[in-house]
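Start at 1 and go down the list; that is how both ligands and their atoms are numbered. Note that the structure is a prediction, hence the values are computed from the model and not measured.
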Amino acid sequence: MTEDPRPVTPTTILARELGEIAALLDAGTGVTDELTTRVHRARDLAAGLDPYLDTCTTSESAALSALASRTRSADWGSRDVISGSGPLEMEMLSGHVEGRFLAFLVHMTRAVRVLEIGMFTGYSALAMAEALPVGGEVVACEVDPYVAEFAQSCFAESVAGSAVTVEVGPALDTLRRLDGTFDLVFVDADKTGYRAYVDYLLSSDLLSEGAVIAVDNTLLQGQPYSDRPTENGRAIAEFNEYVANDPRVQQVLLPLRDGVTLIRRA
Ligand SMILES: C[S@@+](CC[C@H](N)C(=O)[O-])C[C@H]1O[C@@H](n2cnc3c(N)ncnc32)[C@H](O)[C@@H]1O
């Protein structure tokens with residue numbers, strides 16, 4: 001008989017801890033010292049992960065830090081909804097570790113032209129622009145004119161910001177108008193549109209040889225594998241299944257933040 005592998009990673013150890021805590025509760029042990037200790041251990045394991053990733057990742061630039069801080073200070077609650085993703089909120093911003101990850105992708109793919117679908121206040125666009133060689137460009141698509149202007153005023157504060165061209169309007173319309181090829185694409189707009197974006201990219205001439213598509217939120221808060229998905233959760237589950245069964249591509253889903261899938265033509 002083969003045994004299950006021993007949990008050796010933060011998430012598998014956390015799952016084992018929670019499983020054993022649930023078993024103690026199911027057995028009606030009540031709140032014992034052991035149970036309390038184990039709940040605290042599980043909490044520390046989960047709560048410590050993101051701060052530790054921050055600590056171990058190269059700090060963000062002053063321009064990105066200023067953009068993040070301006071985004072946090074804005075009053076999103078009073079904004080009219082134009083976004084196809086629903087209300088705009090500061091939590092949309094990808095942030096420090098994912099920004100550094102995207103900058104790494106720019107370096108690793110030696111990208112010169114980058115396309116972003118879903119810009120919000122511009123954190124990821126600027127993070128990628130900072131990693132570009134001289135003469136490189138990020139074309140960033142955003143449907144909401146208010147955030148597009150917000151991002152542009154932040155870009156004006158840094159040299160790298162001048163490498164970002166903002167295209168305002170529904171991304172699919174913008175894609176149909178674009179010329180040339182892109183070495184890296186970051187998809188981070190309305191979740192129900194993901195399949196159409198990736199399908200369009202793969203069947204168009206917009207991808208350079210060896211281009212990489214990075215798709216954000218492909219774990220969508222765990223909804224694709226949980227039992228209570230929202231509309232966005234279902235859209236991501238269907239998107240993930242579609243990508244997994246598409247013979248045109250190879251892909252890997254990384255559990256970075258809310259999940260990032262990297263896709264390349266097979
Ligand atoms: C999660 S946010 C993007 C976050 C950004 N990439 C970052 O890292 O800071 C999603 C953005 O996509 C935009 N969006 C939603 N539907 C869109 C569409 N059809 N075309 C273009 N942008 C869209 C929203 O207005 C929102 O600003």
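Within the 4.0 Å heavy-atom shell around ligand 1 one does not find G193.
Within the hydrophobic cluster formed by Ile, Leu, Val, Met, Phe, Trp and Tyr side chains joined at under 4.5 Å, directly or through other members, I13 is accompanied by L14, L18, I21, L24, L25, L35, V39, L45.
Each of the following atoms of ligand 1 lies closer than 4.0 Å to a heavy atom of A171: 18 (C), 19 (N), 20 (N), 21 (C). Atoms of ligand 1 found under 4.0 Å from any heavy atom of Y123 (numbered from 1 in listed order, with element): 9 (O). Which parts of ligand 1 touch P170 is read off a 4.0 Å heavy-atom cut-off, strictly below it: atoms 20 (N). Within the listing of ligand 1, atoms 20 (N), 21 (C) sit less than 4.0 angstrom from a heavy atom of G169.
Residue contacts with ligand 1: D144 is placed with no nitrogen or oxygen under 3.5 Å of a nitrogen or oxygen of the ligand (distance criterion only). Here's the thing with K191: none of its N/O atoms is less than 3.5 angstrom from an N/O atom of ligand 1. The shortest N or O to N or O distance between L88 and ligand 1 is not below 3.5 Å. An N or O contact shorter than 3.5 Å links G118 to ligand 1 by distance. Any N or O atom pair closer than 3.5 Å counts here, and V147 shares no such pair with ligand 1.
Ring orientation note: the planes of Y194 and Y197 are tilted relative to one another, at an angle of 30° to 60°.
With a 4.0 Å heavy-atom cut-off, ligand 1 is reached by no atom of F150. Only side-chain heavy atoms of E116 come within less than 4.0 Å of ligand 1; its backbone N, CA, C and O stay farther off.
Salt-bridge formation is detected for the pair R248/D199: a Lys NZ or Arg NE/NH1/NH2 atom is positioned less than 4.0 Å from an Asp or Glu carboxylate oxygen.
There is a side-chain donor-acceptor pair under 3.5 Å between S208 and D183.
The backbone N or O of T230 sits less than 3.5 Å from a side-chain atom of Q223, completing a donor-acceptor pair. With S158 contributing its side chain and C154 its backbone, the two residues share no donor-acceptor pair below 3.5 Å.
Under the 4.5 Å side-chain criterion, counting only non-hydrogen atoms from C-beta, L172 is not in contact with I117. With a 4.5 Å cut-off on side-chain heavy atoms, Y123 and L102 do not count as touching.
Closest heavy-atom approach to atom 10 (C) of ligand 1 among the candidates D216, D188, D190: D188.
E89 CD to T71 OG1: the interatomic distance, rounded to the nearest 0.5 Å, is 13.0 Å.
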